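For reference, the structure discussed in these notes is given below.
Note that the coordinates shown come from a computational prediction; the quantities given were computed from them, not determined experimentally. Quick note: numbers below take in every heavy atom, side chains included, and nothing from hydrogens, waters or symmetry partners. Labels below follow one simple rule: chain letters A, B, ... track the order of the sequence lines, proteins then strands, and each chain is numbered from 1.
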There are 2 protein chains.
Amino acid sequence: MGSETAGLEARQPVMADVAKLAGVSHQTVSRVLNGAPHVRPGTRDRVLAAIRELDYRPNSAARALVTRRSQTLGVVSFESTLYGPASMLDGIERAARSAGYFVSVASLRSLDSRSVQEAVDRLRDQGVEGIVVIAPQTSAVSAVAKVSSSVPVVAVGSGARSSIPTVTVDNRSGAEAATRQLLDLGHRTVHHLAGPGGWLESQDRQEGWRRALEAAGAPVPTVAVGDWSARSGYEAGQRMARLEGVTAVFCANDHMALGLLRALHESGRPVPGDISVVGFDDIPEAAYFIPPLTTVRQDFGELGRRALELLVAELGGTDQPIARVQIAPEMVLRRSTGPAHRG
Amino acid sequence: MGSETAGLEARQPVMADVAKLAGVSHQTVSRVLNGAPHVRPGTRDRVLAAIRELDYRPNSAARALVTRRSQTLGVVSFESTLYGPASMLDGIERAARSAGYFVSVASLRSLDSRSVQEAVDRLRDQGVEGIVVIAPQTSAVSAVAKVSSSVPVVAVGSGARSSIPTVTVDNRSGAEAATRQLLDLGHRTVHHLAGPGGWLESQDRQEGWRRALEAAGAPVPTVAVGDWSARSGYEAGQRMARLEGVTAVFCANDHMALGLLRALHESGRPVPGDISVVGFDDIPEAAYFIPPLTTVRQDFGELGRRALELLVAELGGTDQPIARVQIAPEMVLRRSTGPAHRG
DNA sequence: ACCCCGATTGTGAGCGTGAACAAACGGAAC
DNA sequence: GTTCCGTTTGTTCACGCTCACAATCGGGGT
């Protein structure tokens with residue numbers, strides 16, 4: 001039976017069907033599909049015609065089974081709702097596509113090690129060939145480093161001091177540039193609204209800020225700490241507005257800067273007339289804050305792309321040393337910064 | 001050879017290895033793994049122990065090959081960098097996970113039909129069982145409807161008048177509520193900054209706005225058109241600031257509202273003193289605009305979740321009629337709206 | 001005319017799993 | 001003690017593809 005059972009519901013055509021229609025063996029079809037050499041052009045054409053006619057599509061599971069390659073990469077991401085992570089994911093996906101890979105995502109509920117473990121396991125169960133982790137928190141990265149058995153892993157957006165390859169923006173030099181920029185405008189010192197503890201970005205940006213101040217011989221004020229949210233920036237801003245001698249603030253990200261701007265506005269402290277503000281990230285909205293925000297741009301898409309390149313290289317086989325790619329951020333000057341008032 | 005070749009690099013253990021270690025047949029291992037009945041508890045325990053000892057993980061490709069189910073769903077998304085799409089993706093992923101599916105993403109370069117076709121094909125080649133499309137533009141949705149052969153498709157975020165199941169926010173009633181809100185505050189009429197043509201959201205929100213005006217017997221001003229970006233909102237705002245008689249503006253999204261707020265600010269038109277502004281979406285930043293933005297909240301995560309539920313139901317088999325889920329949006333009152341000034 | 005070699009095509013095996021069927025087991029009913 | 005039936009386990013096959021190898025074809029050299 002089989003061939004003559006012209007069942008009404010035609011099952012998906014398989015390679016053998018194409019072969020029969022083209023009058024060749026299934027192996028020849030396979031050769032055409034995989035671009036193998038030694039196929040006579042005429043034969044190839046007949047096979048391709050048969051493929052089109054049947055609308056045949058190779059079964060990826062069967063292929064994966066025999067080649068042991070799923071053509072799939074996994075992405076673990078944490079707050080994928082935010083602009084940064086979302087952009088990195090986007091960059092990763094595009095790069096993966098052009099490298100011939102599919103992308104499967106697993107988002108993290110929380111940042112504890114168990115949750116990371118779970119996400120990575122999930123992806124491994126699916127048979128991904130490699131994993132990109134978008135999880136900028138110290139704990140997540142170290143959790144991943146522990147887990148990384150048997151599947152290559154690359155961290156992106158952070159994790160510069162872990163045992164796995166990473167791609168990040170140079171947070172330290174970005175923060176330094178921002179701080180120096182303010183000092184150059186004549187500010188005696190620069191206050192800092194940092195990100196939450198445990199995030200490498202927070203640490204690095206804070207360190208860059210501190211270093212710039214010290215290099216200039218400026219006093220180092222107490223650090224305010226937020227949680228990246230506009231709300232936390234707002235609250236910090238209310239506190240700072242009451243402080244004496246604050247003329248410049250470097251915020252660890254644009255969202256907190258947004259909240260800070262509003263708090264200063266409501267407290268009657270004009271920006272930049274009274275206080276200058278700098279952010280970090282350059283989210284698309286930053287140019288439309290009131291006033292437009294001077295900030296440090298990171299190219300998240302590029303980060304994602306580079307991370308994927310790194311992963312693909314690693315998959316390539318020749319195991320190179322653990323790579324640490326750092327991308328230089330770029331200062332974007334807008335109207336939230338100005339010269340220190342003579343005071 | 002084979003069994004005695006204790007190769008240094010141990011290959012991934014397979015079911016047979018587990019079976020041998022546990023002293024059972026591979027089929028029994030399979031039964032344990034799939035929770036099949038009729039396995040003696042003692043046997044199950046031995047198998048589980050063997051699985052743990054070898055750190056065995058089932059080969060998903062082999063399973064997919066034989067069951068013809070990949071346990072994978074695809075997501076096609078367009079501007080996945082924006083808050084809305086990113087949140088929907090997040091919601092989809094979470095829901096998929098708890099339904100036992102993996103999620104594979106394919107982002108669109110552009111919104112033409114060819115590009116959509118390409119993305120869908122890509123996912124089908126990967127063997128996804130169903131697809132969620134996050135692509136709120138008319139053309140994309142209709143392209144998908146054409147393509148949807150052989151794989152169930154659900155559209156989310158838009159597409160309320162297509163031939164495929166959809167999950168959306170009720171844009172019309174949201175826009176109506178926003179407009180009515182402004183009219184109730186005493187404004188003679190409400191101007192509208194619409195989204196770009198070709199987007200269903202734009203159309204529906206504009207229609208809701210118009211309907212509310214007509215219901216109140218208010219004049220219907222010319223519509224300004226933006227492209228969702230803050231920049232376009234800014235430009236529209238500059239134009240509106242020069243117009244006579246503008247006391248209230250309903251923007252089709254929060255980003256444009258942000259730009260509009262800045263333009264009004266720079267033109268010396270206080271909000272809400274001179275002009276009231278309402279947005280749509282309630283992005284997390286909206287509460288920290290200057291002034292905080294009154295807007296219409298959509299729960300993007302919920303949209304994603306519902307879309308996935310719909311898709312899973314469709315996969316369930318019993319083909320139900322084409323579903324149209326609409327979620328009610330919610331007005332969020334903040335300080336960007338106030339009573340019309342007398343005069 | 002015959003042999004050799006590269007180009008081209010076909011054949012068979014096996015990837016790791018689940019499904020169908022068969023076999024073995026063990027207790028209850030007679 | 002025998003029969004019957006439900007529980008438990010094993011055997012065999014197929015899923016659709018790629019890989020290794022064998023077979024065939026065809027032209028150039030001798």
| said: Please determine whether a side-chain nitrogen or oxygen atom of A:Arg68 lies at a distance below 4.0 Å from atom OP1 or OP2 of C:dG16. | reply: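 Affirmative; the distance criterion is met.
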| Would you say C:dT9 has OP1 or OP2 under 4.0 Å from some side-chain N or O of A:Thr43? |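 The answer is yes; a side-chain N or O of A:Thr43 sits under 4.0 Å from OP1 or OP2.
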Return the value, rounded to whole Å, for the distance between atom [atom1] of [X] and atom [atom2] of [N].
{"X": "B:Leu65", "N": "D:dC15", "atom1": "CG", "atom2": "C1'", "answer": "4 Å"}
{"X": "A:Asp125", "N": "C:dG16", "atom1": "CG", "atom2": "C1'", "answer": "15 Å"}
{"X": "A:Arg57", "N": "D:dC17", "atom1": "CZ", "atom2": "P", "answer": "13 Å"}
{"X": "A:Arg63", "N": "C:dG16", "atom1": "CZ", "atom2": "C1'", "answer": "18 Å"}
{"X": "B:Arg69", "N": "C:dA19", "atom1": "CZ", "atom2": "C1'", "answer": "15 Å"}
{"X": "A:Asp17", "N": "D:dC15", "atom1": "CG", "atom2": "P", "answer": "11 Å"}

What's the closest nucleotide to the side chain of [X] if the choices are [options]?
{"X": "A:Val66", "options": "C:dG16, D:dT8, D:dC17", "value": "D:dC17"}
{"X": "B:His38", "options": "C:dG16, D:dT9, D:dT18", "value": "D:dT9"}
{"X": "B:Met15", "options": "C:dG16, C:dT9, C:dT17", "value": "C:dT17"}

| query | Contact class for B:Pro58 vs. all strands (heavy atom < 4.0 Å): base, sugar-phosphate, or nothing? | reply |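 Sugar-phosphate contact only - B:Pro58 comes under 4.0 Å of backbone atoms but never of a base.
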| message | So if I take residues 22-32 of chain A and measure heavy-atom distances to DNA chain D, which residues fall below 4.0 Å? | response |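 Going residue by residue through residues 22-32 of chain A, the ones with a heavy atom under 4.0 Å of DNA chain D turn out to be A:His26, A:Gln27, A:Ser30.
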| message | Run the side chain to side chain contact (heavy atoms under 4.5 Å, CB included) test against B:Arg97 and tell me which residues pass, sequence neighbours left out. | response |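 Only A:Ser107, A:Arg109, A:Glu118, A:Arg122, B:Glu93 meet the side chain to side chain contact (heavy atoms under 4.5 Å, CB included) criterion with B:Arg97.
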Test of understanding: with side chain to side chain donor-acceptor pair (under 3.5 Å), list the residues that count as partners of [X], not counting sequence neighbours.
{"X": "A:Arg69", "answer": "A:Tyr101, A:Glu129"}
{"X": "A:Gln71", "answer": "none"}
{"X": "A:Arg52", "answer": "none"}

| Nearest non-hydrogen partners of B:Val103 and A:Ser104, listed with the distance |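 Distance-wise, the nearest heavy atoms are O-OG, 3.0 Å.
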| Do B:Val153 and B:Val133 come within less than 4.5 Å of each other through their side chains, counting heavy atoms only? |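 The answer is yes; the side chains approach within 4.5 Å.
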| query | Does B:Asn34 or B:Arg40 map to a spot on DNA chain C nearer the 5' end, using the closest nucleotide for each? | reply |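 Looking at DNA chain C, the more 5' nearest nucleotide goes with B:Asn34.
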| field | By salt bridge (Lys or Arg N to Asp or Glu O under 4.0 Å) - contacts of A:Arg305 (at least two apart) | value |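 Counting only residues at least two positions away or on another chain, A:Arg305 forms a salt bridge (Lys or Arg N to Asp or Glu O under 4.0 Å) with A:Glu302.
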